[in-house]
2 protein chains.
Amino acid sequence: MGSVEEKIKVGGLVGGATTTLLEEMKLLKEMQNHSGARKAINSELWHACAGPLVSLPQMGSLVCYFPQGHSEQVAVSTKRSATSQIPNYPNLPSQLMCRVHNVTLHADKETDEIYAQMSLQPVNPEKDIFPIPDFGLKPSKHPSEFFCKTLTASDTSTHGGFSVPRRAAEKLFPQLDYSMQPPTQELVVRDLHDNTWTFRHIYRGQPKRHLLTTGWSLFVGAKRLRAGDSVLFIRDEKSQLLVGVRRANRQQTTLPSSVLSADSMHIGVLAAAAHAAANRSPFTIFYNPRACPSEFVIPLVKFRKSVYGTQISVGMRFGMMFETEESGKRRYMGTIVGISDLDPLRWPGSKWRNLQVEWDESGCSDKQNRVSSWEIETPESLFIFPSLTSSLKRPLSSGFLGAETEWGNLIKRPLRPGP
Amino acid sequence: MGSVEEKIKVGGLVGGATTTLLEEMKLLKEMQNHSGARKAINSELWHACAGPLVSLPQMGSLVCYFPQGHSEQVAVSTKRSATSQIPNYPNLPSQLMCRVHNVTLHADKETDEIYAQMSLQPVNPEKDIFPIPDFGLKPSKHPSEFFCKTLTASDTSTHGGFSVPRRAAEKLFPQLDYSMQPPTQELVVRDLHDNTWTFRHIYRGQPKRHLLTTGWSLFVGAKRLRAGDSVLFIRDEKSQLLVGVRRANRQQTTLPSSVLSADSMHIGVLAAAAHAAANRSPFTIFYNPRACPSEFVIPLVKFRKSVYGTQISVGMRFGMMFETEESGKRRYMGTIVGISDLDPLRWPGSKWRNLQVEWDESGCSDKQNRVSSWEIETPESLFIFPSLTSSLKRPLSSGFLGAETEWGNLIKRPLRPGP
DNA sequence: CTGTGGGCTACGGGCCGACAA
DNA sequence: TTGTCGGCCCGTAGCCCACAG
């Protein structure tokens with residue numbers, strides 16, 4: 001902890017910014033007073049809700065901030081992309097190197113939608129980068145003991161309770177006293193807001209199965225869950241039982257706010273970054289992992305490796321991780337078919353989504369046909385930085401080997417495989 | 001209609017803006033596609049929900065836009081006022097003369113919170129003001145046949161229905177057939193989103209009273225009404241029965257959005273206005289009458305009269321209208337105790353809340369101790385522009401006379417009346 | 001192994017007049 | 001005039017198993 005603070009201080013001095021540690025502290029205190037942050041949110045539960053692919057940068061580390069990506073998040077939230085009414089900020093670069101001052105986890109009181117608040121301070125790329133500490137890539141801790149189930153019509157109807165998958169119940173819940181007739185216990189679990197929920201856990205029926213009955217419908221009602229939404233249980237490091245929810249994608253989490261027009265939001269994002277860049281002063285952003293198409297705050301190390309570590313060319317094969325329905329990871333393969341600016345007018349030369357790609361499988365129409373180099377794995381990056389590729393949990397060896405052989409195949413594969 | 005369009009066009013040309021009518025139309029169409037605006041919102045119901053003091057500027061009219069006021073609205077919505085991290089916009093004046101291009105009414109799908117979206121285009125004050133048409137002050141139509149009731153615990157409990165005040169039922173609802181035992185009818189009413197609700201209206205009990213029974217609890221549940229919230233019924237110009245809701249103030253309507261940090265929102269407001277001012281290009285704002293402390297888009301005529309029409313000085317007595325609990329109007333009296341800048345650093349010389357005031361009555365601690373000149377009535381303004389002062393509905397003559405005599409008294413009254 | 005549906009029961013939603021403020 | 005309560009009834013939330021995918 002002490003070292004992190006030191007880094008911040010040093011970073012501030014080297015960067016030539018006027019920010020003092022005292023101001024840091026004031027800022028920090030102010031953030032903690034921000035509504036809804038009274039109790040610290042459980043990090044493991046937050047990450048379980050965020051999904052296996054989301055990792056946040058570390059406090060004190062260096063990152064690249066991409067205004068375009070931030071604008072994309074605004075576009076998704078407001079369902080309105082940037083229009084011509086939005087001014088150009090010629091002095092705002094397409095990528096802004098920043099020091100991460102603060103990262104706090106949040107969850108919407110109404111919807112339980114998770115998001116992170118970060119305070120970033122632009123640094124001078126020429127003076128301030130030599131000692132890049134290698135944190136910033138250390139993955140955030142994802143809970144190992146968890147399960148995630150997509151709710152069925154029966155789970156959410158008023159007719160009954162929640163059917164717990166057998167493995168989940170046996171792995172996560174306290175062991176039942178099977179001598180009881182029927183075996184029963186009371187589960188007390190906490191959610192992101194530290195509310196407690198009590199569920200009656202019973203093992204009954206023919207054939208026998210695990211069910212949550214009494215208390216379940218209250219939970220469904222309070223969280224407004226529908227069939228298709230997901231519920232997840234985890235056991236944190238203190239082996240406390242916690243519960244989280246994930247809405248189906250169809251439910252737009254955030255309605256277009258009646259506070260600010262979409263245009264003003266886009267302008268706010270860009271103007272805030274431009275002002276911060278000009279003054280090297282800190283600015284505050286929100287990151288909504290589940291709404292956002294792509295991360296737009298990238299650890300500098302990761303960014304550097306992808307840009308300088310690999311020669312990317314048209315025709316190159318690549319892999320990219322996506323989340324599965326059951327909150328696992330799966331690699332999809334594709335081919336790079338072009339390298340060009342996403343927005344040549346506003347952001348010439350930007351590395352944001354400058355790779356045009358085609359996916360091997362049909363049914364990938366939901367996937368972006370433009371990606372950024374740090375999102376993908378190439379044969380080279382796999383070879384040079386194997387740590388980047390995979391940290392699958394359960395089928396660790398088989399999964400990893402599977403990936404390897406897959407890579408082996410694809411390298412030998414022709415450029416455009418026929419049907 | 002034709003004349004309004006013409007005004008827009010002329011305004012655009014005289015202002016030297018590059019905006020063409022074609023672009024206007026595109027903009028307009030785009031706005032209509034804005035989510036949630038498929039069906040036009042009933043204007044009378046919207047105004048009934050907004051309250052008797054809210055009036056919107058007319059399309060095509062000239063207004064003064066106050067960035068400070070807009071920022072106040074953001075501050076209330078996010079519960080965070082502008083911080084030192086927000087840049088100064090030296091080229092953005094504290095008041096911006098604009099042409100109103102478009103005004104659309106909206107209501108939040110979730111909360112029914114009403115708001116208006118306006119498109120404003122800055123105009124050149126020196127070239128573009130000579131013929132100020134006198135629309136812009138014409139008050140928006142508030143329904144004359146309406147009633148508003150604050151819900152009691154019984155109204156919202158699951159135990160029973162809604163107790164309709166006698167006068168309301170007799171004035172608004174279709175007459176009951178009192179030969180029935182008991183007299184009963186089915187009411188079909190529409191809300192802001194054009195959803196229909198059916199209530200069983202019955203006249204029963206000992207003593208007899210009007211009740212809404214079947215269907216009421218669905219409404220309460222769907223709108224998530226609590227004791228203390230208000231419900232209002234109106235009969236519009238087509239004598240259709242409509243229903244609206246107003247949340248109690250305690251319920252913060254808009255939670256701090258997880259889309260944009262409060263700082264970025266403040267910046268977005270200011271940067272959008274600054275950019276529009278520099279280019280004389282249109283910009284879009286939202287106005288939330290019930291959240292916003294004061295209107296920040298003021299008809300130019302009203303602004304001019306208040307600033308140039310009246311000499312305001314320290315010690316002067318004034319009156320100001322406020323909304324009563326039952327959605328009526330009431331005048332509160334006070335004394336001007338100072339004239340000074342609200343924010344001498346950012347907005348020197350601004351007319352926004354530059355009057356410091358003291359209220360006669362105790363229990364006005366909820367009221368601002370700073371107001372703007374166009375919000376108040378002074379003896380002079382009363383004399384010169386009587387149309388500004390009062391348009392009370394029911395007790396028109398008596399109310400107006402009452403106001404007159406009150407003014408008569410206070411003019412003679414000493415500067416600081418003793419207890 | 002787990003999703004859905006039929007059967008059954010009991011709790012509470014919701015209609016009524018009695019009071020009293 | 002209208003807010004709250006006790007009384008009562010019946011609709012449905014919610015527990016159980018059977019059955020099938």
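Order of the sequence lines sets the chain letters (A, B, ...), proteins ahead of strands, with each chain counted from 1. These values consider heavy atoms only, across backbone and side chains, with no hydrogens, waters or symmetry-generated copies. In this text the structure is predicted, and so the values were computed from the model without any measurement.
Contact between the side-chain N/O atoms of Ser154(B) and the OP1/OP2 oxygens of dT4(D) is found at a separation under 4.0 Å.
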Please encode protein proximity along nucleotides 14-21 of chain D as a string of B, S and -, counting only heavy-atom distances under 4.0 Å.
BBSBSBB-
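Lys149(B) comes within 4.0 angstrom of sugar-phosphate atoms only, judged by non-hydrogen atoms across all strands, and of no base.
For Thr150(B), the side chain to side chain contact (heavy atoms under 4.5 Å, CB included) test picks out Ser230(B), Glu325(B), with sequence neighbours left out. Trp46(B) pairs by the ring pair (Phe, Tyr, Trp, His ring centres under 6.0 Å) definition with nothing, not counting sequence neighbours. Evaluation of the side-chain hydrogen bond (donor to acceptor under 3.5 Å, both in side chains) rule for Lys149(B) yields Asp155(B) as partners, not counting sequence neighbours. Residues satisfying the ring pair (Phe, Tyr, Trp, His ring centres under 6.0 Å) test with Phe147(A), not counting sequence neighbours, are Phe233(A). The side chain to side chain contact (heavy atoms under 4.5 Å, CB included) check on Glu170(B) picks up Arg166(B), His210(B), with sequence neighbours excluded. Applying the ring pair (Phe, Tyr, Trp, His ring centres under 6.0 Å) rule to Phe199(A) yields the partners Trp216(A), Phe219(A); only residues at least two apart in sequence or on another chain are considered. By the ring pair (Phe, Tyr, Trp, His ring centres under 6.0 Å) test, Phe322(B) is found to be paired with Tyr332(B), Trp359(B), residues two or more places apart in sequence or in another chain being considered. For Pro182(B), the side chain to side chain contact (heavy atoms under 4.5 Å, CB included) partners at least two apart in sequence or on another chain are Thr184(B), Ile202(B), Arg204(B).
Checking Asn288(B) against Glu113(B) by side-chain atom types alone, a donor-acceptor pair falls below 3.5 Å.
Protein chain A contacts DNA chain C over a range whose 5' and 3' limits, counting nucleotides with an atom under 4.0 angstrom from a non-hydrogen atom, are dC1(C) to dG7(C).
Applying the side chain to side chain donor-acceptor pair (under 3.5 Å) test to residues at least two apart or on different chains, the pairs with a partner in residues 234-243 of chain B are Asn42(B)-Asp236(B).
The overall bend of the helix from dC1(C)-dG21(D) to dA21(C)-dT1(D), read as the angle between its terminal helix axes built from five base pairs each, is 40° when rounded to 10 degrees.
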